[in-house]
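Below: one structure, written as structure tokens.
Numbering of ligands and ligand atoms starts at 1, following listing order. Numbers for residues simply follow the sequence, beginning at 1.
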Amino acid sequence: MKEKIERVAQWIADSKKVVVFVGAGMSTESGIPDFRSPGGVWDKYDPEDFDFGRFLSSEGSRQTYWRMATEMYDSMKNALPNAGHLAIAELENLGKLDCLITQNIDGLHFKAGNSQELVLELHGTAMHVTCLDCGTRYERDAVQARLSKEEKAPRCEACGGLLKPATISFGQAMPERETTEAYRRSESCDLFIVVGSSLVVHPAAAMPVVAKRAGAKLVIVNRDQTACDNLADLIIHDQAGPVMAAILTHVRQLLGGVTHWKN
Ligand code: NAD
Ligand code: ZN
């Protein structure tokens with residue numbers, strides 16, 4: 001394990017363009033459940049209820065959706081970044097992050113200090129709500145505060161259209177700019193690091209394949225097996241937070257920015 005961590009750190013130090021790609025496993029140590037682990041979201045909810053067509057189909061479906069989405073948001077809104085998020089923010093500070101592609105919707109990378117320009121939120125964000133008709137964007141908290149016995153599926157104050165959290169549901173179009181940019185960065189990086197993703201949700205999960213085909217080294221840090229383990233140059237099956245923190249400790253040393261603590 002120590003040897004693997006040192007090897008990844010060396011690759012980071014030697015690389016010109018490092019892309020980090022994360023999934024829900026990145027945030028479980030912050031108390032946000034992932035989808036597929038025991039006790040995860042799919043143990044509680046029916047994936048069909050997250051379908052975009054279902055959301056559009058009836059007021060009842062929208063109310064169900066908002067009930068589930070509210071429960072998920074409650075687990076996210078006060079969550080704090082963990083050691084893994086902080087390690088990735090440090091990669092940016094060290095000038096070693098070309099881009100961070102996240103499937104997460106919890107906004108924790110920003111709380112950790114990553115900048116807006118380097119983070120591509122492939123599946124949108126739960127921190128905002130958008131009107132599906134006129135595109136008006138609202139702060140999530142403001143809309144949550146409006147939910148009540150009378151208003152279980154809120155509507156746009158500007159046009160009366162349907163409001164939905166600014167996340168991408170199954171069956172909903174991927175955000176164009178983010179998706180195009182994520183493919184472009186994946187194709188042009190020399191090191192692609194996956195953290196906490198089962199790599200089964202497409203098109204997001206195609207990105208490690210794109211990177212590998214274009215000649216990048218592929219590193220996977222994930223507790224369980226992923227759909228791309230067979231492609232990886234190095235795999236660490238362990239907890240994301242401690243592993244990423246340990247990798248960053250070595251990167252810092254390799255780049256000469258060692259901090260000496262005095263007692
Ligand atoms: P997933 O649930 O399919 O896979 C998560 C993976 O992370 C699993 O393979 C699991 O073994 C691993 N994992 C869990 N905790 C870990 C830890 N502490 N350290 C290392 N590995 C750990 O999630 P996914 O691949 O991200 O894809 C599912 C979809 O989930 C994404 O589209 C995303 O939008 C959505 N989602 C996001 C959040 C969030 O924003 N935090 C939460 C739930 C789901
Ligand atoms: Zn509107």
Side-chain angles (χ1 to χ4, degrees), residues 21-45 47 50 68-69 71-77 79-85 87 101-112 119-127 129-138 140 143 154-172 174-175 178-179 182 193-208 219-229 235-246:
F21 175 97
V22 314
M26 177 94 239
S27 295
T28 55
E29 291 167 54
S30 293
I32 303 172
D34 63 13
F35 273 173
R36 290 172 184 78
S37 297
V41 178
W42 291 159
D43 272 357
K44 272 175 105 174
Y45 300 116
F50 281 100
M68 297 179 311
E71 209 178 300
M72 283 179 71
Y73 178 63
D74 284 342
S75 78
M76 287 178 190
K77 64 182 178 195
L80 295 173
N82 63 54
H85 295 103
I101 305 172
T102 182
Q103 301 172 84
N104 294 347
I105 55 173
D106 54 35
L108 283 180
H109 291 292
F110 301 118
K111 285 190 190 167
V119 180
L120 297 172
E121 292 180 300
L122 269 193
H123 295 163
T125 174
M127 302 299 127
V129 168
T130 37
C131 170
L132 296 180
D133 289 344
C134 74
T136 300
R137 209 168 153 86
Y138 297 87
R140 180 70 183 263
V143 176
R155 288 191 171 251
C156 177
E157 284 167 338
C159 79
L162 302 178
L163 289 186
K164 184 179 168 294
T167 53
I168 307 298
S169 297
F170 297 115
Q172 194 172 5
M174 296 283 288
E178 284 82 355
T179 309
I193 306 176
V194 175
V195 187
S197 176
S198 59
L199 298 175
V200 296
V201 179
H202 281 268
M207 292 182 190
V219 172
I220 296 178
V221 179
N222 198 61
R223 201 182 52 208
D224 301 304
Q225 287 191 339
T226 79
C228 294
D229 280 8
I235 304 176
I236 301 178
H237 284 304
D238 211 325
Q239 295 285 106
V243 169
M244 293 309 291

What is the ring orientation for F35 with F50, classed by angle as parallel under 30°, tilted 30 to 60°, or perpendicular over 60°?
-> tilted
What protein N/O/S atoms sit under 2.8 Å from the Zn ion (ligand 2), by chain and number?
-> C131 SG, C134 SG, C156 SG, C159 SG
In terms of atom number and element, which parts of ligand 1 are under 4.0 angstrom from non-hydrogen atoms of A240?
-> 17 (C), 19 (N), 20 (C)
Which is closest to atom 16 (C) of ligand 1 in terms of heavy atoms, G31, G25, G196?
-> G25
Structural part of A205 in contact with ligand 1, heavy atom criterion under 4.0 angstrom = neither
Is there a side-chain contact between Y138 and E157, using heavy atoms and a 4.5 Å cut-off?
-> yes
Can you sort out which atoms of ligand 1 are near I105, meaning under 4.0 Å from one of its heavy atoms?
-> 39 (C), 40 (O)
Compute whether any side-chain donor of one residue and acceptor of the other, for H237 and D229, lie under 3.5 angstrom apart.
-> yes
Using a heavy-atom cut-off of under 4.0 Å, does the side chain or the backbone of I32 touch ligand 1, or both, or neither?
-> side chain
Can you tell me if G241 has a non-hydrogen atom under 4.0 Å from ligand 1?
-> no
Backbone, side chain, both or neither: what part of T28 comes under 4.0 angstrom of ligand 1, heavy atoms only?
-> side chain
Test item: V194 and N222 side chains (from C-beta on) under 4.5 Å apart, heavy atoms = no
Working to the nearest 0.5 Å, report the span between CD1 of I105 and CG of L108.
-> 11.0 Å
Would you say D238 contacts ligand 1, with heavy atoms under 4.0 Å as the rule?
-> yes
Looking only at heavy atoms of V200, does any of them come nearer than 4.0 Å to an atom of ligand 1?
-> no
When C134 is tested against each of L132, T130, T136 for side chain to side chain contact (heavy atoms under 4.5 Å, CB included), which residue passes?
-> T136
